[in-house]
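Taking it in order: structure first as structure tokens, then the write-up.
Here, residue 1 is the first one in the sequence, and each next residue gets the next number. Quick note: numbers below take in every heavy atom, side chains included, and nothing from hydrogens, waters or symmetry partners.
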Amino acid sequence: QGELVESGGGLVQAGGSLRLSCAASGRTFSGYVMGWFRQAPGKVREFVGVISWSGSNTYYADSVKGRFTISRDNAKNTVYLQMNSLKPEDTALYYCAADKYGRSWAPRPYGISDFGSWGQGTQVTVSS
């Protein structure tokens, strides 16, 4: 099955930056679309962005577009989420996930049901 492990979360002031990592082990996810989601307390898990298997294509939620950047290093089996200009409303538990079916990337918002492997999440807290 493989495992995804997120890291890099923490406490940061508004306007600051963080880079999250998602490391895969047990199997390679290099041929899969990878996504990031987040879930704030009392809210549903929401889509943040996705990256194609090659890393050439990305798609972001409007709420993070222009501030967040997803990249990947397939040699390291790792996906990254660079978060800049953070806002208090970005506070959430951030999850990475691998596409369930190994499909091609598409420029659209992805849903939870598109993904079959999930990490345990890493907490990001942005103070005002």
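Remark: Lys65 engages Asp62 in a salt bridge, criterion side-chain N to carboxylate O under 4.0 Å.
Rounding to the nearest 0.5 Å gives a distance of 11.0 Å between OG1 of Thr125 and CG of Asp90. Interatomic distance, Glu6 CD to Cys22 SG, rounded to the nearest 0.5 Å: 5.5 Å. From Phe115, atom CZ reaches atom CE of Met34 across 8.0 Å, with rounding to the nearest 0.5 Å. For the atom pair OH of Tyr80 and CD1 of Ile51, the computed distance is 11.0 Å after rounding to the nearest 0.5 Å. Rounded to the nearest 0.5 Å, atoms CZ (Arg38) and SG (Cys96) are 15.5 Å apart.
With a 4.5 Å cut-off on side-chain heavy atoms, Met83 and Val124 count as touching. Residues Leu4 and Ser117 form a side-chain contact, since some pair of their non-hydrogen atoms from C-beta on lies under 4.5 Å apart. Residues Leu20 and Trp36 are in side-chain contact: their nearest non-hydrogen atoms beyond the backbone lie under 4.5 Å apart. The closest side-chain heavy-atom distance from Phe47 to Val64 is not below 4.5 Å. For the pair Arg45/Ile112, a side-chain contact is recorded, criterion being any heavy-atom separation below 4.5 Å from C-beta on. Side-chain contact between Gln123 and Thr91 is present, with heavy atoms from C-beta onward closer than 4.5 Å. Proximity of Arg103 to Asp114: side-chain heavy atoms (C-beta onward) are separated by under 4.5 Å at one or more points.
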Worked verdict on Phe68 versus Val48 for side chain to side chain contact (heavy atoms under 4.5 Å, CB included): CA-CA 9 Å; Phe68 290 11; Val48 172; 3.8 Å; yes

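Remark: of the listed residues Trp118, Tyr95, Tyr110, Trp118 is the sole one forming a ring-ring contact (aromatic ring centres under 6.0 Å, His included) with Phe37.
In terms of heavy-atom proximity, Ala40 sits nearest to Ala92 at N-CB, 3.8 Å. For the pair Ser21 and Thr78, the tightest heavy-atom approach, listed with the atom from each and the gap, is CB-CG2, 4.3 Å. Closest approach of Leu93 to Gln120, counting heavy atoms only: CD2-O, 4.3 Å. Residues Asn74 and Ser54 come closest through the heavy atom pair ND2-CA, 4.5 Å. The two atoms that bring Ile70 and Val50 nearest to each other are CD1-N, 3.5 Å, heavy atoms only. Scanning all heavy atoms of the two residues, the minimum distance from Ala24 to Phe29 falls at CB-CD1, 3.2 Å.
Within a 6.0 Å radius of CH2 in Trp105, other residues, nucleotides and ligands contribute more than 12 heavy atoms.
Remark: side-chain polar atoms of Arg67 are paired, donor with acceptor, to backbone N or O of Ser85 under 3.5 angstrom. Ser52 places a side-chain N or O within 3.5 Å of a backbone atom of Asn57 that can act as its donor or acceptor partner. Proximity of a side-chain donor or acceptor of Thr122 to a complementary backbone N or O of Ser7 within less than 3.5 Å is not detected. Within the 3.5 Å criterion, the main-chain N or O of Gly15 finds no donor-acceptor partner in the side chain of Lys87.
Under the 4.5 Å side-chain contact rule for hydrophobic residues, Tyr60 and Leu86 share a cluster.
Taking the centre and axis of the six-membered ring of Tyr32, the NZ or CZ atom of Arg27 falls inside the cone set by 45° and 6.0 Å.
Side-chain polar atoms of Ser17 and Asn84 form a donor-acceptor pair below 3.5 angstrom.
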